[in-house]
Asker: 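I am attaching a structure below and will ask some questions about it afterwards.
Chain letters run A, B, ... following the sequence lines, proteins first, then strands; residues in each count from 1.
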Amino acid sequence: MPELPEVQTVVSTLGPLLRGRRIDAVRLMRQDIVSPKGANLPELLTGRKILQITRRAKRIVVSLDTGENFYIHLGMSGRLSVVPRDLPIQPHTHLLLDFAQSQLRFVDPRRFGGIFWLGRDESPDDGLGPEPLQLRTPQLAKRLARTTRAIKNALLDQTLIAGLGNIYVDEALFAAGIHPLTPANRLSSPQITRLNRSIKQVLRRAIHHRGSTLRDYRDPNDEAGRFQNLHRVYHREGKPCPKCKTKIAKIVLGARSTHFCPRCQRIK
DNA sequence: AACAGCACCTGTAGGC
DNA sequence: TGCCTACAGGTGCTGT
């Protein structure tokens, strides 16, 4: 469910609530959400203090006072919330961290998300391409030149560029006027320049509006995002294109729905 | 070796 | 109302 803007919103909300707090107790209801398989989270976390919470792509990285780190991935349906300890526990709650005055809960019905403990030789960057908000155009051009896949699929590949998902790829391609099926290595250099600008613009706006809530995304204070109201193509099939009024099309690409304007986004 | 396709899970919305 | 299917914001594996 969450892409970079939603994860950024979660991280900015959690930071002030948890920074400097000591973990008094840990309750892990399902071991199978933890990686590596055998990691003993209660033992690793109890008594530790949280130094800071940061984001890398869609990973929520928690740094501890021991110098150790782990990250949380929300998958499609994962949610983190900070609540009073005595609030009733809802179904699919897999992990509870107790602090003096509050409790952090990880709830994830589909269990595509999880908690990833990082060993001394591991980094939250492992397996990830560059951050889209820091990406320079020559770097993007170089990476896209290496592949013939459809640009939509290439942008979803987290090793190529890390943090975009289905919504924001469709929105960025629309903003740049690029057809999602265009082979990545066939983009012209003006197109790549526009694409890089569009990606940043879409992500910044989405972060400003605290992400998109389509079904059930919520920040740790249980608040919905607002950016879904500003989507121009995503989930708008059959509705008029905001630029030219042509009906927005929906196709399936790599098993993901893909939305675009057939008139504004042509394959060159 | 890169890449398409599917599997992994559960909840929900929409059609009949 | 109720049943059944399709689909959902992600990623990792498998087979070509």
Asker: Are Leu97(A) and Val10(A) linked, directly or through other ILVMFWY residues, by side chains that come within less than 4.5 angstrom of each other?
Answerer: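 Leu97(A) clusters together with Val10(A).
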Asker: Using a heavy-atom cut-off of under 4.0 Å over every strand shown, decide if Gly254(A) touches base, sugar-phosphate, or nothing.
Answerer: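 Since no nucleic acid heavy atom lies under 4.0 Å of Gly254(A), the category is nothing.
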Asker: Is the aromatic ring of Phe112(A) within stacking range of dC8(B), meaning centres under 5.5 angstrom and planes under 30 degrees?
Answerer: yes
Asker: Angle class for the Phe106(A)/His94(A) ring planes (parallel below 30°, perpendicular above 60°, tilted otherwise)?
Answerer: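 The rings of Phe106(A) and His94(A) stand perpendicular, inter-plane angle above 60°.
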Asker: Could you tell me whether Glu237(A) and Lys247(A) make a salt bridge, using a distance below 4.0 angstrom between a side-chain N and a carboxylate O?
Answerer: no
Asker: If you assign Arg59(A) and Met76(A) each to the DNA chain C nucleotide with the nearest heavy atom, which residue ends up on the more 5' nucleotide?
Answerer: Met76(A)
Asker: So what does Ile167(A) touch, heavy atoms closer than 4.0 Å: a base, only the sugar-phosphate, or nothing?
Answerer: sugar-phosphate
Asker: Base, sugar-phosphate alone, or nothing: which one does Ser77(A) contact when heavy atoms must sit under 4.0 Å apart?
Answerer: nothing
Asker: Find every protein N or O atom lying less than 3.5 Å from an N or O atom of nucleotides 12-16 of chain B, and list the pairs.
Answerer:
from, atom 1, to, atom 2, distance (Å)
dT12(B), O4', Arg215(A), NH2, 3.2

Asker: Dot-bracket, DNA chain B: Watson-Crick or G-U, under 3.5 angstrom, [ ] crossing, | other strand?
Answerer: .|||||||.|||||||
Asker: Which nucleotide in the list dC3(B), dG11(B), dG10(C) gets nearest to the side chain of His92(A)?
Answerer: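 Shortest atom-to-atom distance from the side chain points to dG11(B).
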Asker: Which label fits Phe227(A) and His209(A): parallel for a plane angle under 30°, tilted from 30 to 60°, or perpendicular past 60°?
Answerer: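 Plane angle between 30° and 60°, so tilted.
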Asker: With a 4.0 Å cut-off on heavy atoms, is Asp216(A) in touch with a base, just the backbone sugar-phosphate, or nothing at all?
Answerer: base
Asker: Looking only at atom P, what distance separates dC9(B) and dT14(C), rounded to whole Å?
Answerer: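 These two P atoms come out 14 Å apart once rounded.
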Asker: Answer with yes or no whether the hydrophobic clustering places Ile50(A) together with Leu118(A); edges join I, L, V, M, F, W, Y residues whose side-chain heavy atoms lie under 4.5 Å apart.
Answerer: no
Asker: Could you list the donor-acceptor pairs under 3.5 angstrom formed between side-chain atoms of residues 133-143 of chain A and any protein atom two or more places apart in sequence or on another chain?
Answerer:
from, atom 1, to, atom 2, distance (Å)
Thr137(A), OG1, Asn196(A), ND2, 3.0
Arg143(A), NH1, Thr159(A), O, 3.1
Arg143(A), NH1, Leu160(A), O, 2.9

